[in-house]
Structure formats: C-alpha cells, structure tokens
Student: 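I'd like to ask some things about the structure below.
Chain A is the first sequence line, chain B the second, and so forth, proteins listed ahead of strands; every chain is numbered from 1. Values below: all heavy atoms of this structure, side chains included; hydrogens, waters and symmetry mates excluded.
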Amino acid sequence: MSERGRASRRGGPGTLNAPGALNSADGTTTATAPERQGLLPDEPLPEFAARHGLKPSAVRPPALAYLKQLWRRRHFIVAFATARNVAMYSEARLGQVWQILTPLLNAAVYFLIFGVILDTKRGVPNFIPFLVTGIFIFNFTQRSFIIASRVINDSLPLIRALHFPRACLPLAYILIELQQMLISMVVLVVIVLGFGEPLTWYWLLAVPVIALQSLFNVGVGLILARIGAGVEDVSQLIPFIVRTWLYISGVMFFIPALKTLYLHEKLSYLLQINPAAVYIALVRNSLLESLRNEIGSYQPYNHQLCQLAVGSKSLHITPHPALLDHCHLVVPNTSLWLFGVGWALLAVIIGFFFFWRAEVTYGRG
Amino acid sequence: MAEQSAEPVVVVDDLHIVYRVFGSARDKGTAATAFLRMLRRQRRPSVREVHAIRGISFVANRGDAVGVIGRNGSGKSTLLRAIAGLIPPEQGIVYTTGHASLLGVNAALLDDLTGDRNVVVCGLAMGMTPREIKDRYQSIVDFSGVGDFINLPMRAYSTGMGSRLRFAIASARSHDVLLVDEALVTGDAEFRVRSRERIEELRAQAGTVFIVAHSMAQIEETCNRVIWLEKGQIVRAGDDVPAIIDAYLAATGGEPMVREPATT
C-alpha cells in the first residue's frame with residue numbers, strides 16, 4: 001500500500017497528492033477535490049525538505065551532540081531525581097525516615113539469616129560490619145538495575161509529551177539510588193564505628209569506589225533500560241538474575257575463606273573479579289581494618305600445600321594450621337582497582353552507545 | 001503563485017504510525033492460557049496493532065495556521081505528536097526546522113508532585129534553564145490561576161486546574177513550531193479567553209501553528225489551511241477552509257455552518 005502511495009505521490013501534478021487517501025485506487029470516491037489537494041509540492045518530499053534546510057524531527061542526534069544535550073539537561077536530571085525521591089515516601093506516614101529505616105531493616109534481616117541462623121561468618125574477623133557493607137553496596141547496584149529496566153515503560157506519558165534526551169530518565173533514576181546509597185553510607189559508618197573498626201585515612205578510598213560503581217550502574221542501567229523498553233518480560237526476569245548474582249558475589253561470605261573454593265583457584269578468581277564483588281571488596285578493604293589485617297596474615301596461595309592441608313583433614317589427621325593459610329586466594333588490591341575502573345568504563349561506553357542507538361524508538365510503547 | 005516564495009517549515013512525507021497494544025480483551029489472561037499458547041507456538045494474540053496514521057503527506061509553510069479536523073480517533077493527536085517527534089514513525093519521515101513543541105500534554109506532569117515542583121521539573125525538561133524558570137515562575141503560577149493549590153500534589157487538583165497549570169507551563173516558552181491540542185484548552189470561559197490570547201501571541205512568535213479542535217468556528221477563525229483526517233488518512237486538505245469544513249460537517253452529520261455572505 002505504501003508503494004502505491006509513494007508512486008502516486010511522486011507522479012506529478014496530475015495525480016492525487018494525498019497518498020493512501022480514501023479516493024485512490026479502490027474507487028471509494030469520498031472526496032475527490034479539484035482544488036490543490038494535500039498541500040504538496042511537485043518535487044519529491046525528501047529533496048524538497050532538504051532544499052529548504054529542514055531536518056527529520058524524529059532522528060537520532062550524533063553521539064557527541066547527544067552527550068551535549070544530556071549535559072544541558074543536567075539540571076532536569078537532578079531536579080527530577082530530587083522530586084521523585086521526595087514523592088517516593090510522600091504517601092508513607094513516617095515519610096523520609098524510611099530512607100534510613102530501609103537500609104537498617106535490610107541489614108537486620110540479613111544479619112538474622114546469615115549471621116545468626118546460617119552462620120556464614122567463618123573466616124571473617126568482624127562479621128556485622130563486613131555483612132552490612134556488602135549488603136549496602138550490592139543493594140545500590142541491585143536497585144539501580146531493577147529500576148533501570150522499568151524506567152522507559154514507567155515514564156511513557158512523560159516521553160510522549162516532552163522532548164528531552166531519553167537517557168535523562170535512567171540517569172535520574174540511578175541518581176535517586178545514589179542518593180539513597182549515600183544515606184545508607186551514613187548508617188554504615190555508624191555501624192562500622194560501633195563495632196570497633198577504627199577511623200583511618202583508608203576510608204577516603206571508599207569515595208572513588210562508589211563513584212566507579214555508580215558509573216558501572218549507569219552503564220548497565222542504560223543497557224537494561226533499552227532492553228526493558230523493548231521486551232517487558234525482561235523487567236520481570238531481572239530480580240531473579242540479580243538475586244542469583246547476590247549469592248555469588250560474596251555479600252554474606254568472604255570468598256577467599258570459602259572452603260569449597262580452596263582447591264578451585266580459577267573459580268575463586270572469577271568470582272572475585274565480577275563487578276559486584278570487586279566494588280564490595282574495595283569498600284570493605286577501605287573501611288574494615290580487621291579484614292585488612294586478616295588478609296595480611298595469609299600466606300601466598302599455594303595449591304599443593306593447600307591440597308595437603310585439605311587432604312589430610314579428610315584422612316582425620318589434624319593438619320598443620322599453618323598449611324591452611326596457603327588456601328586463601330586473594331585478588332590483590334591493585335588488580336581490584338584495575339578491574340573496578342575497567343568494568344566501569346566498559347559498562348558506561350557500551351551502555352551509552354547501546355541506549356543512544358535506539359533513542360528515537362523510545363515511546364512507541 | 002504565492003507558494004513559490006513560501007518557506008516550508010514542516011514537511012510530512014508518507015507518515016505511518018503504529019501503536020502496539022498489549023493485553024486486549026480477547027485473552028482470558030490466566031497463566032494456563034498463556035502456557036497453552038506457548039505450547040501451540042502461537043504469537044501472543046493479545047498484541048494488537050493500531051494503525052493510527054496511514055500514509056499522510058503534506059507541507060506547511062511559515063505563517064500558516066493549520067487546522068486538523070476529524071472525528072474522535074481519526075489520528076489528530078497522534079499526528080501532532082509525530083510532528084513533535086515524540087512518537088517514532090513506523091514508516092515515513094517528518095521534517096521540521098528546529099523543534100516542534102506540543103502544547104497539549106495530557107499527562108506530562110507528575111501527579112504525585114506538588115504544582116511548584118512540576119513547574120520546575122517540566123520547565124527543565126523542556127530545556128529552560130533554572131534561571132529562566134526562576135524568572136518566569138511567578139507569571140506561570142499567576143497565569144494558571146491555581147492559587148494556593150500550587151503547594152499541593154497535583155493529584156489533588158481538579159481536571160480543569162491540572163490542565164490550566166499544564167498549559168501555563170507549556171506556553172511559558174516560545175516555540176519554532178507550535179502544536180496545540182484542543183484537549184488542553186479546557187477550563188472556564190475566562191481561562192479560555194486568556195489561553196486563546198496566549199496562543200495568538202505564541203503564533204506570532206512561532207510562525208507555524210497546528211491546531212486540533214472540534215470547534216469548527218475556532219478553526220475557521222484562526223486557520224488558513226485545513227487537514228481533514230479520517231481513520232488515519234487525509235480525506236481532504238487545502239486552503240479552502242470553509243469548503244472543507246462544510247464537507248466535513250456534511251459527512252459527519254453536523255449542523256452546517258452559518259456564515260456571513262462571502263465578502264469578496
């Protein structure tokens with residue numbers, strides 16, 4: 001049908017100018033008008049538009065221009081995030097108190113299950129600060145991902161009404177999560193100090209870690225936002241994927257101290273360099289002196305010595321405790337930093353281009 | 001011919017818009033039916049395509065006021081949104097100079113936020129700077145006439161108040177191409193007069209205005225061109241506004257317009 005429409009439109013002054021109009025080929029002559037029909041010039045429209053310097057209205061800007069547009073809407077991103085944040089609790093009686101209550105309750109639940117009931121604290125000197133740090137850091141990524149996968153479909157009215165670079169929306173929502181995260185960090189500082197960890201200069205290292213983690217969240221968030229905009233099912237699936245990720249990222253246990261991984265150094269290494277584990281480990285290493293000391297007391301990993309230690313145990317011979325110290329594969333801090341930067345950059349670059357490529361399709365619904 | 005010197009501002013080339021709607025009434029919507037469907041390898045029957053615009057082409061020039069008329073559901077609002085670049089076309093292209101702005105945002109505003117936050121957030125989204133918003137904030141609020149309600153969440157507003165505030169925000173900025181959806185120009189008589197004046201003002205600055213309206217008198221008064229849509233297609237379009245309006249009224253069974261004898 002469009003072929004026909006195109007042909008008739010380009011056919012010159014004699015033909016009908018409104019393609020696909022009711023009066024075209026099928027004889028249903030509703031309104032054949034002798035006057036200038038359809039307000040069209042004689043030449044093909046794309047050339048006509050180009051000659052007059054018109055540009056397609058729903059066209060994706062070049063990547064650099066898109067970045068500039070985003071930068072120009074920075075005030076919108078911040079204002080939108082702040083407004084949403086305020087509105088989030090406006091229905092609740094306790095209001096903004098929930099911003100502090102939520103992370104606290106979260107920590108309490110995990111402590112009950114993993115600290116008291118399941119007792120996963122083996123090998124960790126000061127378990128509660130360790131656990132709470134892991135939960136808060138992971139929670140930031142988890143919530144960012146879940147919310148980002150829904151953001152386009154949740155904001156359809158806004159998208160269909162106003163013109164702005166759509167990447168503003170995932171950015172704003174992740175900014176909300178960052179604000180939440182910073183409030184959690186205040187709670188975290190109180191907990192960590194309360195459980196006897198000293199305040200040191202190392203703490204300052206947590207700031208760049210959270211910056212890197214935010215970048216990573218933005219990158220993956222942009223990817224999820226585009227996928228979630230196209231396939232609604234993804235946002236249903238994300239919570240399960242993220243929860244699986246939670247359990248393998250060492251949130252409630254210390255990966256190097258995990259007995260099942262003693263002899264699987266490759267697997268242990270892979271678990272430790274996954275983005276969530278990297279950011280969690282970096283924050284823990286900066287905040288928790290007890291953990292730094294513990295890691296410092298380990299011997300370098302040695303597969304044979306460790307096998308000896310683990311093997312002799314199964315033969316009911318008491319192993320030399322010193323041998324077990326060779327069993328902890330710890331990815332050194334320098335590598336963690338490199339991975340942290342790498343993951344963040346990789347995610348942001350891929351995420352930006354992936355989201356930007358579909359810019360004009362958001363809003364089709 | 002006048003058209004030779006005219007400067008086109010909006011060119012619409014064979015535009016098609018398709019909405020995909022999930023979850024129509026036919027499906028029972030239980031997990032069991034969904035599962036059976038997967039076993040039988042059927043496509044989701046509940047995905048319905050609504051072909052809202054089916055191949056529209058036209059050109060509008062600077063200084064034009066184009067009226068868009070048609071029955072409910074004929075694709076008028078969709079056409080405006082497509083010109084504004086808010087809905088991606090399935091096929092075809094809309095060419096414009098600069099940005100076309102839609103005045104007639106049905107749900108642009110954030111219901112759970114207060115009116116004053118809405119002014120700020122929506123203004124920023126439209127590309128105003130914080131400074132501009134600060135400067136115009138008071139005039140926006142005054143124009144909307146919502147008074148003390150500005151500090152309440154917008155869900156507490158009446159329909160009229162909501163649309164007044166929306167209009168006030170959207171019209172706070174000058175636009176290249178202005179698209180006015182009648183849905184917005186609600187409100188009491190006094191506000192209608194004020195908003196009409198504001199539209200005239202904006203039109204003088206904008207150059208090109210598209211107006212969707214059901215009031216034929218308003219169209220005939222303000223527009224020099226008319227596009228008559230039916231089921232997403234152009235039935236008639238042209239400069240002869242009274243003739244097309246008469247034909248439209250005759251086709252839809254409306255009362256014919258009573259006019260003064262033509263003063264040519």
Student: Using non-hydrogen atoms and a 4.5 Å limit, figure out which bit of A/R74 sits close to chain B: side chain, backbone, both or neither.
Tutor: neither
Student: Which atoms of B/A247 are under 4.5 Å from chain A, going by heavy atoms: the side chain, the backbone, both sets, or neither?
Tutor: neither
Student: A/R72 versus chain B, heavy atoms under 4.5 Å apart: side chain, backbone, both or neither?
Tutor: neither
Student: Between NZ of B/K231 and CZ of B/R71, what distance do you get to the nearest 0.5 Å?
Tutor: 7.5 Å
Student: Any carboxylate oxygen within less than 4.0 angstrom of a Lys/Arg side-chain nitrogen, looking at A/E177 and A/R143?
Tutor: yes
Student: Only counting residues at least two apart or in another chain, list the ones meeting ring pair (Phe, Tyr, Trp, His ring centres under 6.0 Å) with B/Y137.
Tutor: none
Student: Which bit of B/A84 is near chain A, if near means a heavy-atom gap under 4.5 Å: side chain, backbone, both or neither?
Tutor: backbone
Student: Any idea which of B/P130, B/P153, B/G123 has the most non-hydrogen atom pairs under 4.5 angstrom with chain A?
Tutor: B/P130
Student: With sequence neighbours left out, write down each residue that passes side-chain contact (heavy atoms from CB on, under 4.5 Å) with B/T78, or none if nothing qualifies.
Tutor: B/I17, B/Y19, B/A52, B/I53, B/I87
Student: Ring of A/F354, cation from A/R226 - is the NZ or CZ under 6.0 Å from the centre and inside 45° of the axis?
Tutor: yes
